[in-house]
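Both ligands and their constituent atoms are indexed starting at 1 by order of listing.
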Amino acid sequence: MPNSLIAIYPGSFDPLTNGHLDLIARGSRLVNHLIVAILNNTQKQALFAVAERIEMLREATTQFSNVEIDSFGGLLVDYAARRNANAIVRGIRAVADYESELQMAHLNRRMRPETETIFLMAGAQFSFLSSRMVKEVITLGGDVSSFVPDAVERRLRAKFPQKR
Ligand code: PNS
C-alpha cells in the first residue's frame, strides 16, 4: 500500500456540473491529494476555453484544501506518471457509462499498471446530469441553476445573455 495516495480526476469539464463537484468532494475525502485535470483537447470544439474551465473549477473548489486544478494534453497515463499519481478517479452514472469506462480503465492499466482506476458511483440525484445536457438546456433558454455551481452559472449567463 502506498502511504500517500495521489489521484487524478480527469475530464473535459465543459462545463463543471454539480455531479462533478459531488465526485470531487467525495474523492477528496478518499485520497491525500486530488488533481482535477482538464483534458486540453485540440480536436474537440469546446464551449469554454481551458483557462476559463480552470478558473471555474478553482472558484468552485476553494473549500477543498487537498484539491488542485490542472490541465493536461496527450495520454492520461503519461500525465499520471509525470504527476506521480497512483490512482485515477472516474464517476459512473448509469450502465450506459460502464462499457466505455471499463475499456478506458483496462487500456490505462495495460499502459501503466502503477495507476489504478477507482470508480465512484455518481450521486443518484446527479445520475441524469451531464455537461452536454447543461449546454443543451442553456442554449434552449432553460434554467440550469440547480445543475451547476454558481461560478459556472454566471459564465453561462454571460455567454448566453439573451436567455433568461
Ligand atoms: O469528461 P470526459 O470527456 O468523459 O473525459 C474523458 C477523458 C479526458 C478522461 C479521456 O478522454 C482521456 O483520458 N483522454 C486523454 C487521452 C488518453 O489517455 N486516451 C487513452 C485512454 S481513453
Side-chain angles (χ1 to χ4, degrees), residues 5-28 30-31 33-61 64 66-139 144 147-149 151-153 155-156 159:
L5 198 49
I6 301 173
I8 296 173
Y9 176 30
S12 305
F13 305 104
D14 185 41
L16 171 74
T17 69
N18 287 337
H20 293 131
L21 200 54
D22 174 56
L23 231 82
I24 293 170
R26 288 161 53 206
S28 73
L30 288 178
V31 303
H33 188 65
L34 182 69
I35 304 165
V36 182
I38 303 164
L39 175 66
N40 196 346
N41 189 349
T42 48
Q43 318 277 316
K44 212 161 127 185
Q45 181 62 40
L47 178 62
F48 289 101
V50 171
E52 290 179 292
R53 283 180 263 165
I54 289 179
E55 259 177 41
M56 288 186 274
L57 266 153
R58 289 211 173 120
E59 282 173 37
T61 58
F64 308 115
N66 64 338
V67 171
E68 174 192 339
I69 313 300
D70 195 13
S71 65
F72 74 103
L75 281 178
L76 176 58
V77 286
D78 289 342
Y79 176 69
R82 287 200 296 280
R83 297 305 313 265
N84 242 330
N86 27 37
I88 292 167
V89 171
R90 289 288 288 173
I92 291 198
R93 286 165 299 194
V95 170
D97 285 338
Y98 179 78
E99 212 166 320
S100 59
E101 291 299 331
L102 179 74
Q103 213 178 356
M104 209 152 62
H106 279 311
L107 186 64
N108 285 335
R109 188 138 62 96
R110 176 64 70 91
M111 293 190 286
R112 184 174 151 84
E114 302 90 325
T115 309
E116 195 66 60
T117 302
I118 300 173
F119 288 111
L120 296 182
M121 295 302 138
Q125 68 275 39
F126 304 117
S127 59
F128 63 92
L129 194 53
S130 68
S131 300
R132 191 168 62 82
M133 289 301 173
V134 166
K135 284 184 274 198
E136 186 163 327
V137 170
I138 189 87
T139 308
V144 294
F147 304 149
V148 295
V152 175
E153 200 207 347
R155 282 173 178 81
L156 281 170
K159 271 208 199 291

With sequence neighbours left out, write down each residue that passes ring-ring contact (aromatic ring centres under 6.0 Å, His included) with [X], or none if nothing qualifies.
X     : answer
Tyr79 : Phe72
Tyr98 : none
Tyr9  : Phe13

Donor-acceptor pair, Arg53 side chain versus Phe48 backbone, under 3.5 Å? yes
State whether the side chain of Asp70 and the backbone N or O of Ala37 hold a donor-acceptor pair below 3.5 Å, judged by distance alone. no
For Arg26, I'd like to know if atom CZ has over 12 heavy atoms of other residues, nucleotides or ligands within 6.0 Å. yes
Check ligand 1 for close polar pairs with the protein: N or O on both sides, less than 3.5 Å.
residue, atom, partner, partner atom, Å
ligand 1, 1 (O), Ser12, N, 3.0
ligand 1, 3 (O), Ser12, OG, 2.6
ligand 1, 4 (O), Arg90, NH2, 3.0
ligand 1, 5 (O), Arg90, NH1, 3.4
ligand 1, 18 (O), Leu76, N, 2.8

